[in-house]
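Read the numbers this way: they start at 1 and go in the same order the structure lists the ligands and their atoms.
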Amino acid sequence: MLKAIFLDRDGTINEEVNYLYEIEKFAFIPGVPEALAQLKKAGYLLLVVTNQAGIARGYYTESDVQLLHSYINQCLFKQSVQIDRFYYCPHHPQGKGKYKKECLCRKPNVGMLERACTDFFIDRKKSFLIGDNQGDILAAKNFGIPSILVRTGHGKSVEKQLEKDYLYCAENLAEAVEWILAKEK
Ligand SMILES: [Mg+2]
Ligand SMILES: [Zn+2]
């Protein structure tokens with residue numbers, strides 16, 4: 001069985017930009033590539049789970065998102081680490097066409113996490129979710145795994161209200177990883 005880290009993308013891995021899809025606007029939050037490399041070294045599967053309602057709203061397409069995700073892995077290549085899989089939800093209840101949907105994959109629903117568990121043999125008891133927003137923390141809760149809130153992105157503004165729902169609140173992803181790895185020892 002594999003232990004996994006479910007990672008939110010915007011505001012957790014990269015600086016929050018509203019409806020990000022352009023490669024030029026992508027920037028890692030400082031320390032993230034190194035922290036991901038440490039997790040990989042410790043044997044974790046790295047899985048991004050991201051709500052991308054911008055697809056449903058028609059701001060960008062699925063291929064824009066896929067391009068950005070391959071760019072992220074290209075950047076991480078320098079650290080000898082890769083995201084093992086990117087899961088994204090393209091839906092939104094107020095979206096357009098086929099993307100207009102009350103789906104089961106949009107966080108706080110657990111569809112993406114469940115799909116990951118069919119794709120990989122995941123040990124939930126040894127897994128964590130790291131995110132910066134309510135949907136992330138509640139998805140982890142709904143899925144029955146512990147979560148870490150990061151104070152980057154929207155984290156600071158939801159820290160108080162979610163106090164009972166996350167296991168730990170970290171300054172950023174790098175500190176969250178430090179905490180996880182220290183806990184293992
Ligand atoms: Mg986020
Ligand atoms: Zn969805």
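In summary, of the residues considered (Arg57, Glu62, His91, His92), a side-chain hydrogen bond (donor to acceptor under 3.5 Å, both in side chains) with Tyr99 occurs for Glu62 alone. For the side chain to side chain contact (heavy atoms under 4.5 Å, CB included) criterion with Asp132, the lone passing option out of Arg9, Arg151, His154 is His154.
Checked against side-chain contact (heavy atoms from CB on, under 4.5 Å), Gln134 has the following partners two or more places apart in sequence or in another chain: Leu138, Gln161, Leu162.
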Could you pull out every donor-acceptor pair under 3.5 Å between side chains of residues 31-41 and any protein atom, sequence neighbours left out?
from: Lys40; atom 1: NZ; to: Tyr44; atom 2: O; distance (Å): 3.0
from: Lys40; atom 1: NZ; to: Asp84; atom 2: OD1; distance (Å): 3.4
from: Lys40; atom 1: NZ; to: Asp84; atom 2: OD2; distance (Å): 2.7

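Within a 6.0 Å radius of CZ in Arg115, other residues, nucleotides and ligands contribute 12 heavy atoms or fewer. Counting non-hydrogen atoms of neighbouring residues, nucleotides and ligands closer than 6.0 angstrom, the OH atom of Tyr19 exceeds 12 such neighbours. At most 12 heavy atoms of other shown residues, nucleotides or ligands fall within 6.0 angstrom of atom NZ in Lys101.
Side-chain atoms of Glu22 and Tyr60 form no donor-acceptor pair, as typed in the model, at a separation below 3.5 Å.
If you look at the Mg ion (ligand 1), the protein N, O or S atoms less than 2.8 Å from it are Asp8 OD2, Asp10 O, Asp132 OD1.
Within the protein, the number of N, O or S atoms lying under 2.8 Å from the Zn ion (ligand 2) is 4.
Under the 6.0 Å distance and 45° angle rule, Arg124 counts as a cation-pi partner of Phe143.
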